[in-house]
Engineer: 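Take this structure first; my questions come after.
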Amino acid sequence: MGKDVVVIGGSLVGLELAEWLAERGRNVTLVEAGQQLGIPMAMPRRWTAVRKAGDLGVTIHRKATVTRITADEVEFTVGEEKLSAPASMVVFAADTHAGAPLAEELAAAGVSVEVVGDAGEVNYIEGAIHSAWKFARTF
Ligand SMILES: Cc1cc2nc3c(=O)[nH]c(=O)nc-3n(C[C@H](O)[C@H](O)[C@H](O)COP(=O)(O)OP(=O)(O)OC[C@H]3O[C@@H](n4cnc5c(N)ncnc54)[C@H](O)[C@@H]3O)c2cc1C
């Protein structure tokens, strides 16, 4: 993975991942397009996570627009300012969406398939369990 990690997207997943990587000694930069981090998290967990990420040394840039990813850095702008962060690895943790291409292929081949969990709809653990439960109840 290398030492320098840039996480693009500071929602729940990006923020927790940045914190987790920083705890394990990585030099982490978190680049978020909006102003707020960890949006789907309930308060006060969100505040705690943002503070902990900062305490662990995560460099946080808000209102940042990524312009280019090169072999060793991520370039972005914050307002008029052009910035960059070193990156031996880039994690894209924004714009999460559901998808089940394997299920689509199986269905096209005539196999009966049911998609449950985040593959069908991004909806946290409870949603994943609920969608599986709904299907299990049809038997
Ligand atoms: C950093 C982070 C923090 C989160 N925190 C929370 C939280 O606090 N509360 C909450 O409710 N939700 C949280 N979530 C979301 C939660 O993890 C997901 O909503 C939930 O795990 C979805 O369950 P799932 O079973 O649909 O998918 P997953 O848990 O992703 O399980 C899918 C499994 O299928 C495997 N798989 C994929 N493709 C194949 C294949 N072709 N063959 C075999 N295996 C395959 C994967 O390896 C994986 O093990 C978090 C997610 C992340 C990333």
Side-chain angles (χ1 to χ4, degrees):
M1 175 183 279
K3 177 86 177 154
D4 300 314
V5 184
V6 174
V7 178
I8 300 174
S11 191
L12 180 152
V13 168
L15 180 60
E16 287 204 343
L17 183 64
E19 185 187 316
W20 191 86
L21 289 167
E23 256 173 349
R24 283 152 184 82
R26 298 303 193 285
N27 172 36
V28 185
T29 306
L30 181 62
V31 180
E32 162 58 31
Q35 171 62 31
Q36 292 189 308
L37 301 169
I39 284 284
M41 288 181 187
M43 296 292 190
R45 185 175 159 214
R46 188 183 345 157
W47 295 331
T48 310
V50 172
R51 201 197 58 231
K52 193 169 169 207
D55 290 348
L56 287 165
V58 176
T59 306
I60 297 171
H61 295 277
R62 300 161 193 259
K63 295 200 165 178
T65 304
V66 174
T67 50
R68 199 160 76 115
I69 299 173
T70 72
D72 53 13
E73 65 177 16
V74 172
E75 298 172 1
F76 53 96
T77 57
V78 178
E80 298 296 306
E81 199 176 3
K82 287 185 180 170
L83 299 165
S84 66
S88 44
M89 176 178 248
V90 178
V91 180
F92 189 78
D95 301 328
T96 311
H97 57 270
L102 178 59
E104 283 164 23
E105 276 187 48
L106 288 168
V111 178
S112 171
V113 187
E114 183 71 25
V115 178
V116 297
D118 276 9
E121 185 186 355
V122 180
N123 208 356
Y124 300 100
I125 295 168
E126 193 181 334
I129 293 169
H130 189 70
S131 65
W133 172 80
K134 258 170 72 181
F135 176 59
R137 272 178 53 107
T138 64
F139 289 97

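For the single chain, residues carry numbers from 1 onward in sequence order. Counting starts at 1 for both ligands and their atoms, following the listed order.
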Engineer: Which residue owns the protein heavy atom closest to atom 27 (O) of ligand 1, what's the atom, and how far is it?
Structural biologist: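 Checked against all protein heavy atoms, atom 27 (O) of ligand 1 sits closest to Asp118 CB, 4.6 Å.
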
Engineer: Please determine if Glu126 has a nitrogen or oxygen closer than 3.5 Å to a nitrogen or oxygen of ligand 1.
Structural biologist: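 So ligand 1 has no N or O lying under 3.5 Å from an N or O of Glu126.
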
Engineer: Counting from 1, what ligand 1 atoms have a heavy atom of Gly117 closer than 4.0 Å?
Structural biologist: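 Counting from 1, the qualifying ligand atoms are 26 (O).
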
Engineer: If we count only non-hydrogen protein atoms and require a distance under 4.0 Å, does atom 3 (C) of ligand 1 qualify as touching the protein?
Structural biologist: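 Yes.
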
Engineer: Does the cation-pi check pass for Arg45 over Trp47, that is, NZ or CZ under 6.0 Å from the six-membered ring centre and within 45° of its axis?
Structural biologist: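 Because its charged atom misses either the 6.0 Å distance or the 45° angle limit, Arg45 does not stack over Trp47.
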
Engineer: How does Leu12 reach ligand 1, if at all, at less than 4.0 Å between non-hydrogen atoms: by side chain, backbone, both, or neither?
Structural biologist: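 It is the side chain that gets close, since no backbone atom is under 4.0 Å.
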
Engineer: Checking contacts now, so for atom 36 (N) of ligand 1, which I'm interested in, is there any protein heavy atom under 4.0 Å?
Structural biologist: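 It does not; no protein heavy atom is within 4.0 Å.
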
Engineer: Quick one: does any side-chain atom of Asp72 pair with a main-chain N or O of Ser88 as donor and acceptor, under 3.5 Å?
Structural biologist: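 It does not hold such a pair.
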
Engineer: Verify the contact flag for atom 46 (C) of ligand 1, where contact means a protein heavy atom under 4.0 Å away.
Structural biologist: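 No, no protein heavy atom sits under 4.0 Å from atom 46 (C) of ligand 1.
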
Engineer: Can you check whether a protein heavy atom sits less than 4.0 angstrom from atom 18 (C) of ligand 1?
Structural biologist: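 Given the 4.0 Å cut-off, atom 18 (C) of ligand 1 counts as touching protein heavy atoms.
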
Engineer: Looking only at heavy atoms, which two atoms of Ala98 and Ala119 are closest? And how far apart?
Structural biologist: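 Reported closest heavy-atom pair: CB-O, 3.4 Å.
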
Engineer: Given the rule that I, L, V, M, F, W and Y join up when any side-chain heavy atoms are under 4.5 Å apart, are Val6 and Val28 in one cluster?
Structural biologist: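 No, no single cluster joins them.
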
Engineer: Counting only non-hydrogen atoms of the protein, does one fall under 4.0 Å from atom 21 (O) of ligand 1?
Structural biologist: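 No; the ligand atom in question lacks any protein heavy-atom contact below 4.0 Å.
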
Engineer: Can you give me the closest heavy-atom contact between Phe135 and Val116, atom names plus distance?
Structural biologist: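 Between these two residues, the closest heavy atoms are CB-CG1, 4.3 Å.
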
Engineer: Locate the shortest heavy-atom distance separating Leu30 from Gly14; write the atom from each residue and the value.
Structural biologist: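 The pair with the smallest heavy-atom distance is CD1-O, 4.0 Å.
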
Engineer: Please give me the minimum heavy-atom distance between Gly99 and Pro101, naming the atom from each residue.
Structural biologist: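 Shortest heavy-atom contact: C-CD, 3.5 Å.
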
Engineer: What protein heavy atom sits nearest atom 51 (C) of ligand 1, and how far off is it?
Structural biologist: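 Ranked first by proximity to atom 51 (C) of ligand 1 is Val13 CG2, 3.9 Å.
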
Engineer: Would Val90 and Ile8 count as a side-chain contact (heavy atoms from CB on, under 4.5 Å) here? Give the steps.
Structural biologist: CA-CA 7 Å; Val90 178; Ile8 300 174; 3.7 Å; yes

Engineer: Got a protein heavy atom sitting under 4.0 Å from atom 53 (C) of ligand 1?
Structural biologist: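 Under the 4.0 Å cut-off, atom 53 (C) of ligand 1 does have protein heavy-atom neighbours.
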
Engineer: Salt bridge check: are Lys52 and Glu19 linked by an N-O gap of less than 4.0 Å?
Structural biologist: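 Looking at Lys52 and Glu19, the cut-off is met.
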
Engineer: Is the closest protein non-hydrogen atom to atom 31 (O) of ligand 1 under 4.0 Å?
Structural biologist: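 No, there is none.
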
Engineer: Protein heavy atoms: any of them under 4.0 Å from atom 42 (N) of ligand 1?
Structural biologist: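 Protein heavy atoms within 4.0 Å of atom 42 (N) of ligand 1 - there are none.
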
Engineer: Can you list the atoms of ligand 1 that are under 4.0 Å from a heavy atom of Ile125?
Structural biologist: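 Once the distances to Ile125 are compared, the set is 10 (C), 11 (O), 12 (N), 16 (C), 19 (O).
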
Engineer: Got the closest protein heavy atom to atom 12 (N) of ligand 1, with its distance?
Structural biologist: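 Scanning the protein heavy atoms, the shortest distance from atom 12 (N) of ligand 1 goes to Tyr124 CD2, 3.4 Å.
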
Engineer: Grab the two heavy atoms, one from Ala87 and one from Val74, that are nearest each other, plus how far apart they are.
Structural biologist: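 Closest approach of Ala87 to Val74: CB-CG2, 4.0 Å.
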
Engineer: Against heavy atoms of Arg45, which atoms of ligand 1 measure under 4.0 Å?
Structural biologist: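 What qualifies from ligand 1 is 8 (O).
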
Engineer: Kindly determine whether Leu15 and Val50 satisfy side-chain contact (heavy atoms from CB on, under 4.5 Å), including the steps that lead there.
Structural biologist: CA-CA 7 Å; Leu15 180 60; Val50 172; 3.9 Å; yes

Engineer: Who's the nearest protein heavy-atom neighbour of atom 23 (O) of ligand 1, and how far?
Structural biologist: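 So the nearest neighbour among protein heavy atoms is Ala128 CB, 3.6 Å.
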
